[in-house]
Each structure stands twice: as structure tokens, then as C-alpha cells.
**Q** 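My questions will all concern the structure given below.
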Amino acid sequence: MKKLALLIGFTCSAVICFGQTHLLSYDDLKFLLTNNLQKTDTFMMAKGYLSVGKKNNTNNRSYSSITGSNHVLVDIRLDGKKLFVELQTNEIEQYDLIHSSISQYVTKDSVAADVQTYDIKGLGTIYIQASDTVPYDPLKREYDMHIVSDKHLTAYN
């Protein structure tokens, strides 16, 4: 009986701990922006994302994670040695995770015309735009996040 209770407790804790593995946080974004595209491929596959598109001649990568009616689409573009990350999602958990994980690093924030702008110490600037879903659902919103790295933050080869 004790073994069964211990096994159930361990299984439940494993499910809870790994329930948000596909969501990206501040540390994940920093890793993506400071490493090359090959390491990005490996990292995103380990997080549970599927590679949707890979264009070597233009240095673009696209990844998706779809669970039920929720989706997270990540586009990564390499321009010289700078990486740009675009994230489109309708998961409120993804928005909350990014918002809470960057909160201690925010140096300046502003809101102008439905665009939230956060200057993040050691990372760059995050632009977040929230819009209603089509068809309209009061419980869901579409979030477009653009992460632009600082000028001193470059991807390693």
C-alpha cells in the first residue's frame, strides 16, 4: 500500500513538474539569443517543439507546439550575428510565464497603442501585442511577442 501511494505521488509530481516544459521563459529566451541556430534546433526539439520550417539560405527557423486548441509558434531569424525571436500564442500561461520571469529584469516599460514594451537588462527589448481571437472567445487572446536582442548580445558560432 505504501509503495502504491509513493508511486502515485511520484507520478503526479512528475506530471505537474513537466506540464509546462514547452513554455519559454526569460532563461530560455536568453539561451536562444546567445547561441547559434544549430543549438537552437536542439534546444527547441528538447522542449517539445516541432520544426515547421528550416531555411538555411535565409537563416530562418520555425517551430510549433500545439496542444488541443492552444498553440505556440516560434520564428527565429538570424541577421548577421543577431537573433530575432517572434512568438505567437494563445496560451495565457506562456504570456504569464514570460511576464513573471522578466519582471525582475525590467529596466523600462511602457504601453502605447496596444503594444507593451519592456526593456530587459541583459536581453533586449520585448514587444507584446494582445488581440482578440477569431472567432471571438472572451477567455482567449492572441499574443504576438517580438524579442529584439541588445546590440552587444550576439549569437556564438
Side-chain angles (χ1 to χ4, degrees), residues 18-157:
F18 292 111
Q20 294 184 348
T21 57
H22 68 281
L23 301 179
L24 298 173
S25 67
Y26 168 81
D27 295 324
D28 299 333
L29 293 174
K30 189 160 186 164
F31 180 84
L32 291 175
L33 291 174
T34 57
N35 288 295
N36 61 18
L37 290 177
Q38 287 76 24
K39 288 184 181 178
T40 300
D41 286 338
T42 306
F43 178 75
M44 294 301 281
M45 294 298 173
K47 290 287 278 185
Y49 284 83
L50 298 174
S51 179
V52 175
K54 183 177 183 180
K55 298 178 185 173
N56 287 329
N57 57 349
T58 58
N59 292 325
N60 290 338
R61 303 284 196 272
S62 297
Y63 306 96
S64 70
S65 173
I66 300 172
T67 55
S69 64
N70 295 333
H71 68 275
V72 179
L73 304 172
V74 180
D75 293 322
I76 300 174
R77 177 174 55 93
L78 179 66
D79 187 15
K81 286 193 173 189
K82 289 184 77 168
L83 280 168
F84 298 92
V85 178
E86 296 180 11
L87 194 109
Q88 299 171 350
T89 185
N90 65 351
E91 283 197 44
I92 189 71
E93 293 87 11
Q94 177 66 68
Y95 171 77
D96 288 340
L97 182 62
I98 287 183
H99 196 267
S100 64
S101 67
I102 66 171
S103 63
Q104 60 186 344
Y105 302 105
V106 173
T107 58
K108 180 178 152 186
D109 63 340
S110 64
V111 176
D114 295 336
V115 177
Q116 302 170 10
T117 306
Y118 300 99
D119 287 334
I120 310 300
K121 179 181 179 183
L123 183 67
T125 306
I126 297 179
Y127 303 96
I128 301 175
Q129 182 178 5
S131 59
D132 293 329
T133 58
V134 175
Y136 178 72
D137 184 0
L139 300 177
K140 290 194 176 195
R141 296 186 57 98
E142 283 285 334
Y143 298 98
D144 290 333
M145 302 177 201
H146 299 275
I147 298 97
V148 179
S149 62
D150 278 340
K151 61 183 175 183
H152 69 276
L153 193 64
T154 58
Y156 299 118
N157 288 328

**Q** Distance check, rounded to the nearest 0.5 Å: Thr89 atom OG1 versus Ile128 atom CD1?
**A** 11.5 Å
**Q** Which heavy atom in Phe84 sits nearest to a heavy atom in Asp79, and how many Å separate them?
**A** CE1-CB, 3.7 Å
**Q** Apply side chain to side chain contact (heavy atoms under 4.5 Å, CB included) to the pair Glu91 and Thr67, showing each step before the final yes or no.
**A** CA-CA 10 Å; Glu91 283 197 44; Thr67 55; 3.8 Å; yes
**Q** Under a plain distance cut-off of 3.5 Å, with no hydrogens placed, do Tyr118 and Gln116 share a side-chain donor-acceptor pair?
**A** yes
**Q** Hey, could you give me the CE/CD1 distance between Met145 and Ile98, rounded to the nearest 0.5 Å?
**A**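 Reported value, rounded in 0.5 Å steps: 4.5 Å.
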**Q** Determine the minimum heavy-atom distance between Gly122 and Lys30, stating which atoms define it.
**A** O-NZ, 3.5 Å
**Q** Could you tell me whether Asn56 atom CG has more than 12 heavy atoms of other residues or ligands within 6.0 Å of it?
**A**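 Above 12, so yes.
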**Q** To the nearest 0.5 Å, what is the distance between CG (Asn60) and CD1 (Ile76)?
**A**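 So the gap between those two atoms works out to 10.0 Å.
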**Q** Are any non-hydrogen side-chain atoms of Val74 and Tyr49 less than 4.5 angstrom apart?
**A** yes
**Q** Can a donor-acceptor pair be found, under 3.5 Å and without considering hydrogens, that links the side chain of Asp28 to the backbone of Ser25?
**A**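 Such a contact is found between Asp28 side chain and Ser25 backbone.
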**Q** Would you indicate whether the side-chain heavy atoms of Arg141 and Asp132 approach each other to under 4.5 Å?
**A**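 Yes, at least one pair of side-chain atoms sits under 4.5 Å.
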**Q** Measure the spacing between OH of Tyr143 and CG of Leu87 and express it to the nearest 0.5 Å.
**A** 12.5 Å
**Q** Who passes side chain to side chain contact (heavy atoms under 4.5 Å, CB included) against Glu142, sequence neighbours left out?
**A** His71, Asn90, Ser131, Thr133
**Q** From Ser64 OG over to Met44 CE, what is the distance, rounded to the nearest 0.5 angstrom?
**A** 9.5 Å
**Q** Do the non-hydrogen side-chain atoms of Lys54 and Asp41 ever get within less than 4.5 Å of each other?
**A**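 Of all side-chain heavy-atom pairs linking Asp41 with Lys54, at least one is under 4.5 Å.
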**Q** Are Val111 and Thr117 packed together at the side-chain level, in the sense that at least one heavy-atom pair is separated by less than 4.5 angstrom?
**A**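 Side-chain contact under 4.5 Å: no.
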**Q** When you check the side-chain N and O atoms of Ser69 and Lys140, is any donor under 3.5 Å from an acceptor?
**A** yes
**Q** Distance check, rounded to the nearest 0.5 Å: Leu33 atom CG versus Leu153 atom CG?
**A** 6.0 Å
**Q** Taking the side chain as every heavy atom from C-beta outward, state whether Leu83 and Leu32 have any pair of such atoms under 4.5 Å apart.
**A** no
**Q** When you check the gap from the basic side-chain N to the acidic O, do Asp75 and Arg61 get nearer than 4.0 Å?
**A**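 No.
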**Q** Quick check: does any side chain N or O of Lys47 sit under 3.5 Å from a backbone N or O of Leu24, one acting as donor and the other as acceptor?
**A**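 Looks like no, no N/O pair under 3.5 Å.
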**Q** For residues Leu50 and Met45, report the shortest heavy-atom separation together with the two atoms involved.
**A**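 Leu50 and Met45 have their closest heavy atoms at C-CE, 4.4 Å.
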